J.: 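Here you go, one structure.
Just so it is clear, the structure is predicted and the values come from calculations on it, not from any experiment. In what follows, every chain begins at residue 1, and chains take the letters A, B, ... in the order their sequences are listed.
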Number of protein chains: 2
Amino acid sequence: MSLEKSVLIVDDEIKIVSVIESYLIHNEYTVYKAYNGKEALEVFNKESPSLVILDLMLPDISGEEVCRNIRKISRVPIIMLTAKVLEEDILNGLDLGADDYITKPFSPKQLIARVGVVLRRCTGDRQFLSNVLSFNNNDLVINLLKREVKKNNQVVKVTPNEYNILLTLIKFSEKTFTRDELISIVLGDDFDGFDRTVDTHIKNLRQKIESDPKSPSYILTVFGVGYRFDAKP
Amino acid sequence: MSLEKSVLIVDDEIKIVSVIESYLIHNEYTVYKAYNGKEALEVFNKESPSLVILDLMLPDISGEEVCRNIRKISRVPIIMLTAKVLEEDILNGLDLGADDYITKPFSPKQLIARVGVVLRRCTGDRQFLSNVLSFNNNDLVINLLKREVKKNNQVVKVTPNEYNILLTLIKFSEKTFTRDELISIVLGDDFDGFDRTVDTHIKNLRQKIESDPKSPSYILTVFGVGYRFDAKP
DNA sequence: ATTAGTTATGTAGATATTATGAAGAAATTA
DNA sequence: TAATTTCTTCATAATATCTACATAACTAAT
């Protein structure tokens, strides 16, 4: 419920739990512990951890069963941790809704790293990660799925032509486009208008995405030729 | 960019690429291939795949470098695939922004399973956990079993087409749908009517589920493109 | 510094897209 | 079959976007 990240460790081997715990605490996670399946579900319901590390060999209910029960009510990230190395077991684990599957003996460092990766993936601003282009340290972010452009974390409304011009420039960042090329790509070959129309779209785009539209840093003018996109990493 | 999922495989071993490819195709992924780092970046820019499987030992640019370059502009999920088994390498890989790290020799089945896990986490199409979806603090509640929609605790009657459009929008929350996409999903590909019919359904839906249909907060218009659903679960 | 050519920019009419209400057609139900 | 509901189309109003043009600012070369 709070901002801090918490992890529930479920394993009946006290030693393993305490090793993982110390690594996690060292990395500033809040830690909850459970030594059997029943306890795991209780603690889970009570504490709503941000992630669960789940051993599959538990003295009472099986880890798989615990996983299934958690999945009925939550999509919390689950990392399975087990001595079972059979292909079948791993596939089954992933199929049950696990987010990662680590076999014992394992390296605590790697486990912590994977905890970080899974959390980053699951909590990181809930965007559709694969469909996002971002430039200049998230100064300019384009969500391809939504067709949405964000400048400095603020949504800016771009028109269809503006969006298409921007995406064309970005897609071939290294290339300088002439006005005619942009027109034929964005407006179609049968556009019989004036090529300076592009200038107006560029002007409007710059107003929206440049920090200083007077001296643009994304959409650069190539004098005598056209425009190109330049993204700082 | 569409509903289908695509994977870019980057590996210089042709045999490995083709094995992975056949598994992926069998699981209905679209596959792109690259056999070196330069090609990988080109294909990546051109195709915007939903996920990248990246070998770290490439003949030209190192896989790490490719990963860094992709991460400059995209948060696409990356699964690293390599013969390096040193702890250090794995930690380094995860640190570069990889979403998973699999060592060779690997099991294709497990690789595919992990692709699925990562995509499940990163992409929009949510599999519904329960039979009830609720948004905006129960302002809008949809009971999938009953096919019932509640606005502000009041049941509102929605027609079959309205329900299907709403659920399609929700299922791929945040994706902007064109009218034609909605028509082909909801009314079937053999609908030979007018795409503006969708507008009327949207209008009617908004009357039923929006607090202020004049300025909708659930079903948003994306000018020149179509509509999308936007709400906190 | 001058000049010819090019780009930047504000504005406004033209064009395109979306919202909306109403009505007939089609489908469903009684 | 009649009654009811739902779907589709259409017309029109309300918005949003596009384009062209005029003029200012800039660039490169003489």
J.: On DNA chain C, does the nearest nucleotide to B:T221 precede the nearest nucleotide to A:V225 from the 5' side, or the other way round? Give the residue.
T.: A:V225

J.: Respond yes when some side-chain nitrogen or oxygen of B:K214 is under 4.0 Å from OP1 or OP2 of C:dT20, and no when none is.
T.: yes

J.: In whole angstrom, what separates A:I202's CD1 from C:dA8's P?
T.: 9 Å

J.: For B:V158, report the nucleic acid contact type (base, sugar-phosphate, nothing); a contact means any heavy atom under 4.0 Å.
T.: nothing

J.: Please report, rounded to the nearest Å, how far the P atom of D:dC18 is from the CZ atom of B:F223.
T.: 7 Å

J.: Rounded to whole Å, please give me the gap between CZ in B:R196 and P in C:dA16.
T.: 13 Å

J.: Sub-3.5 Å donor-acceptor pair from the side chain of A:S173 to the main-chain atoms of A:D230, do we have one?
T.: no

J.: Verify side chain to side chain contact (heavy atoms under 4.5 Å, CB included) between A:L54 and A:V66, making sure each step is shown before the conclusion.
T.: CA-CA 9 Å; A:L54 179 62; A:V66 173; 3.9 Å; yes

J.: Does the B:R206 side chain pair with the main chain of B:P216, one donor and one acceptor, at a distance under 3.5 Å?
T.: no

J.: Whole angstroms only, please: what is the CZ-P distance between B:R179 and C:dA19?
T.: 7 Å

J.: Evaluate the ring planes of B:F229 and B:Y218, with Trp represented by its six-membered ring, and classify them as parallel (under 30°), tilted (30 to 60°) or perpendicular (over 60°).
T.: parallel

J.: When you check the side-chain N and O atoms of B:K151 and B:S211, is any donor under 3.5 Å from an acceptor?
T.: yes

J.: Pick the nucleotide of DNA chain C nearest each of B:P216 and A:G224; which residue has the one closer to the 5' end?
T.: A:G224

J.: By the 4.0 Å heavy-atom rule, please label A:V198 as base, sugar-phosphate, or nothing.
T.: nothing

J.: Which nucleotide, D:dC7, D:dT17, C:dG10, lies nearest any side-chain atom of A:Q207?
T.: C:dG10

J.: Could you work out which one of C:dT9, D:dT17, D:dA20 sits closest to the side chain of A:F191?
T.: D:dA20

J.: What is the separation between atom CD1 on B:I183 and atom P on D:dC7, rounded to the nearest whole Å?
T.: 13 Å

J.: Scan A:T200 against the nucleic acid and name what it touches under 4.0 Å (heavy atoms): base, sugar-phosphate only, or nothing.
T.: base

J.: Is the shortest side-chain N/O distance from B:N161 to OP1 or OP2 of D:dT8 below 4.0 Å?
T.: yes

J.: Determine the contact category for B:T197: base if any of its heavy atoms lies under 4.0 Å from a base atom, sugar-phosphate if only primed atoms, P, OP1 or OP2 are that close, otherwise nothing.
T.: base

J.: Whether B:T159 contacts D:dT5 is assessed here as follows: a side-chain N or O lying under 4.0 Å from the phosphate OP1 or OP2. Is that the case?
T.: no

J.: What is the distance, rounded to the nearest whole Å, between atom CZ of A:F194 and atom P of C:dG13?
T.: 19 Å

J.: Is it the case that B:S48 and A:K171 place a side-chain donor and acceptor less than 3.5 Å from each other?
T.: no

J.: Kindly say if B:Y163 contacts the phosphate of D:dC7, meaning a side-chain N or O under 4.0 Å from OP1 or OP2.
T.: no

J.: Rounded to the Å, how far apart are A:K203 NZ and C:dA12 P?
T.: 12 Å

J.: Let me know the distance between CG of A:D195 and P of D:dT19, rounded to the nearest Å.
T.: 12 Å

J.: Could you check whether B:R206 gets within reach of a base, just the sugar-phosphate, or nothing at all, counting any heavy atom under 4.0 Å?
T.: sugar-phosphate

J.: State whether B:H201 places a side-chain N or O below 4.0 Å from either non-bridging phosphate oxygen (OP1 or OP2) of D:dT8.
T.: yes

